[in-house]
Amino acid sequence: MKKEIEKDLFKLVVPEGRCDSRFLSIRNLPENEATRLMMNEVFQKFHDADGNFVEQLQTTGFDARVFELYLFAYLWDGAYDISRDFDRPDFIIEMNGTRVALEATTSNPTAGFNPDEEVTPSSKEDMQEKLLHELPIKLGSPLFSKLRKKYWELPQCKEIPFVLAIEPFHETESLSYSSSSLIQYLYGQKDTVVEDSEGKKSIETSPLSEHRSGSKVIPSGFFSLPDTENISAIIYTNAGTVAKFKRLGFHYGYFTRYSKIMRIGTCYDPDPNAYEPQTFTYDLSEREIEPWGEGLVVCYNPHAKYPLPRSFFVEAAEYYIEGNQLFCDIPKFFPYQSKTFHDMTSYFPLETPPKWVTPITKSFVNLKVIRMEHPLYTELEWYMEKKSKKIGIVLRDNNDEDFSIVLFKKVAGKYEFARNDINFVTIGQARKKLFQYLLLKT
């Protein structure tokens, strides 16, 4: 039996006709169950200071509210002390004695935006022009708007680091762009890959004075603008989305149907001679839990009045100036952009579990059950009884190529070994027996 939810993001507070279509997709479609349950789980701890969070999520503020909820999930998971007792900024947080004000913003479509009229760059040169000029202008506009509001003058923000967090939502494919355009705008410099006569590549850095797109022109070097010394850092991410909640929901076991979820994208290549990102593909069931902070980029202001301590925001990539040179520290696995795909039919084409049994992930089991994995056996599937009193595992014998099952029961809050059965000829036979054990009341 599922735990009753005290607060529900998906209980309509407006007529369905007013709802954002993406919100309705998460609310209504079975394949979005992990997303729905994970978002609601985070929302139980979330304080709605303005009292209109749910309405905005369901209607005109979908992107911004998902981003805000994501930031809260990241901060909560990172064990920051979080205050949302003020209407501004979005968060006052504290870690290891450092108190920081954090305000979220997004780049949004222009008035009258029509996705059918979007122009996709048709050449490498057009894409470079977009990254160098159009995107910095799109991202710079909301940052400048926040700068003009002078949050640092608020009593709760005085004499502490003030940080802006931004995520791009201004066009259909805006989440596919990495932080490179923003970094060029913030520091007023660009990196270009050049190739000498022998074909050897290197990075050439040059200053930027402006960004120009059509009739719009803005100065480059946001951190050199007046008053920006009051902004200690800028956070960028393109990962604070429903896809993040889906993946984390999957990892934490928030789903009740058979699921196969794949993630593909590009990521940082640690090879010092690499000039292009790596590509990656993985099945979520094959990876340990994804950090909430994976995909965050923190850009430190070299002129900050109240500098933000390095590594204050955990799990993030960091950009900073030392000796007039821009450096970066990037986690070993750092996605630049990705897409998450869901297949509800191909992963388990055979038996459907009984009503009171749910499939879970190995990473979720690892949080709950302490066990040693035998080298002769491979764990294939993991299940939980709906009241969370039992966990069962289906294994393959790598020598005999038959199947086994192991059952764990919760005793005094911990899962302990209960029994195991071996020598099932088919995985279907193993599943059937395991489901019987999970449903027994003893």
Side-chain angles (χ1 to χ4, degrees), residues 49-50 64 67-68 71 83-94 98-108 110 132-170 179-190 207-213 215-237 296-310 312-313 316 318-328:
D50 299 325
F67 180 39
E68 189 175 345
L71 287 174
S83 172
R84 285 181 53 83
D85 298 332
F86 308 98
D87 62 340
R88 296 185 303 160
D90 291 314
F91 305 96
I92 299 290
I93 58 177
E94 189 168 343
T98 298
R99 191 172 172 86
V100 173
L102 175 62
E103 174 71 6
T105 189
T106 56
S107 62
N108 301 310
T110 55
L132 184 60
H133 294 289
E134 182 182 328
L135 283 182
I137 290 174
K138 292 289 188 182
L139 295 169
S141 178
L143 293 179
F144 189 74
S145 295
K146 291 293 184 181
L147 175 67
R148 295 175 62 183
K149 293 184 178 181
K150 299 187 176 183
Y151 287 83
W152 54 87
E153 294 182 352
L154 297 171
Q156 61 269 26
C157 298
K158 283 190 173 181
E159 299 181 356
I160 63 174
F162 174 66
V163 177
L164 287 174
I166 186 167
E167 184 160 22
F169 293 105
H170 55 271
S179 59
S180 61
S181 295
L182 178 68
I183 292 167
Q184 292 179 125
Y185 169 60
L186 295 179
Y187 295 104
Q189 63 180 54
K190 68 173 181 176
L208 276 172
S209 60
E210 65 180 23
H211 302 276
R212 182 183 295 270
S213 179
S215 60
K216 295 182 179 179
V217 182
I218 64 170
S220 193
F222 177 82
F223 284 145
S224 297
L225 296 178
D227 281 340
T228 56
E229 69 275 7
N230 296 291
I231 297 177
S232 302
I234 302 291
I235 294 176
Y236 174 90
T237 187
L296 283 180
V297 178
V298 180
C299 301
Y300 293 85
N301 185 351
H303 312 299
K305 188 175 181 180
Y306 299 101
L308 179 74
R310 291 274 303 281
F312 180 82
F313 289 104
E318 298 184 308
Y319 286 79
Y320 53 95
I321 296 288
E322 282 187 0
N324 296 320
Q325 186 173 350
L326 181 63
F327 292 90
C328 61

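All values reported here derive from a predicted model rather than from experimental measurement. Hydrogens, waters and symmetry mates are skipped; everything else that's a heavy atom, side chains included, is used. Heads up: numbering here begins at 1 and tracks the sequence.
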- Closest contact, heavy atoms only, Val217 versus Glu210: CG1-OE1, 3.6 Å

- How many angstroms lie between atom CD of Glu153 and atom CZ of Phe162, to the nearest 0.5 angstrom? 11.5 Å

- Note on the structure: Between the CZ atom in Phe222 and the CD1 atom in Ile183, the distance rounded to the nearest 0.5 Å is 14.5 Å

- Item | Side chain proximity check, Glu167 to Tyr236, heavy atoms < 4.5 angstrom | no

- Query: Of all heavy-atom pairs between Leu132 and Lys190, which one has the smallest distance, and what is that distance?
  - Reply: CD1-CD, 4.0 Å

- Partner residues of Tyr300 under the side chain to side chain donor-acceptor pair (under 3.5 Å) criterion, sequence neighbours left out: Glu318

- Message: Nearest 0.5 angstrom please: Tyr185 OH to Cys299 SG, how far?
- Response: 12.5 Å

- Query: So how far is it from Ile160 CD1 to Trp152 CH2, rounded to the nearest 0.5 Å?
  - Reply: 13.5 Å

- Within a strict 4.5 Å, meaning less than it, do heavy atoms of the Asp90 and Leu71 side chains meet? no

- Find out whether Phe313 and Ile93 are in side-chain contact, i.e. whether some heavy atom of one side chain is under 4.5 Å from a heavy atom of the other. yes

- Query: Does Leu225 reach the side chain of Pro219, with side-chain heavy atoms less than 4.5 Å apart?
  - Reply: yes

- With sequence neighbours left out, write down each residue that passes side-chain contact (heavy atoms from CB on, under 4.5 Å) with Ile321, or none if nothing qualifies. Tyr187, Pro302, Leu326

- Tell me, do Pro142 and Thr106 make a side-chain contact under 4.5 Å, heavy atoms counted? no

- Message: I'd like to check Pro89 versus Gln156 (side-chain heavy atoms, cut-off strictly below 4.5 Å). Are they in contact?
- Response: yes

- Message: One pair to check against side-chain contact (heavy atoms from CB on, under 4.5 Å): Leu143 and Leu182. What are the steps and the verdict?
- Response: CA-CA 11 Å; Leu143 293 179; Leu182 178 68; 3.8 Å; yes

- Item | Residue pair Ser224 / His303, side-chain heavy-atom distance below 4.5 Å | yes

- Item | Leu186 vs Tyr319, side-chain contact (heavy atoms from CB on, under 4.5 Å): CA-CA, chis, key distance, verdict | CA-CA 10 Å; Leu186 295 179; Tyr319 286 79; over 6 Å; no

- For the atom pair CD1 (Ile235) and CG (Leu296), what is the distance rounded to the nearest 0.5 Å? 6.0 Å

- Query: So do Val298 and Arg310 actually touch side chain to side chain, heavy atoms under 4.5 Å?
  - Reply: no

- Task: Supply the atom-to-atom distance Asn301 CG to Ile234 CD1, rounded to the nearest 0.5 angstrom.
- Result: 8.0 Å

- Message: Pair Ser220, His211 - check side-chain hydrogen bond (donor to acceptor under 3.5 Å, both in side chains), show working.
- Response: CA-CA 6 Å; Ser220 193; His211 302 276; 2.8 Å; yes

- Message: Please check: side-chain N/O of Ser232 versus main-chain N/O of Tyr306, any donor-acceptor pairing under 3.5 Å?
- Response: yes

- Indicate the atoms forming the closest heavy-atom contact of Ile166 with Ser107, along with that distance. CG1-N, 4.4 Å

- All pairs passing side chain to side chain donor-acceptor pair (under 3.5 Å) where residues 136-150 contributes a residue, at least two apart: Glu103-Lys146, Lys146-Tyr151

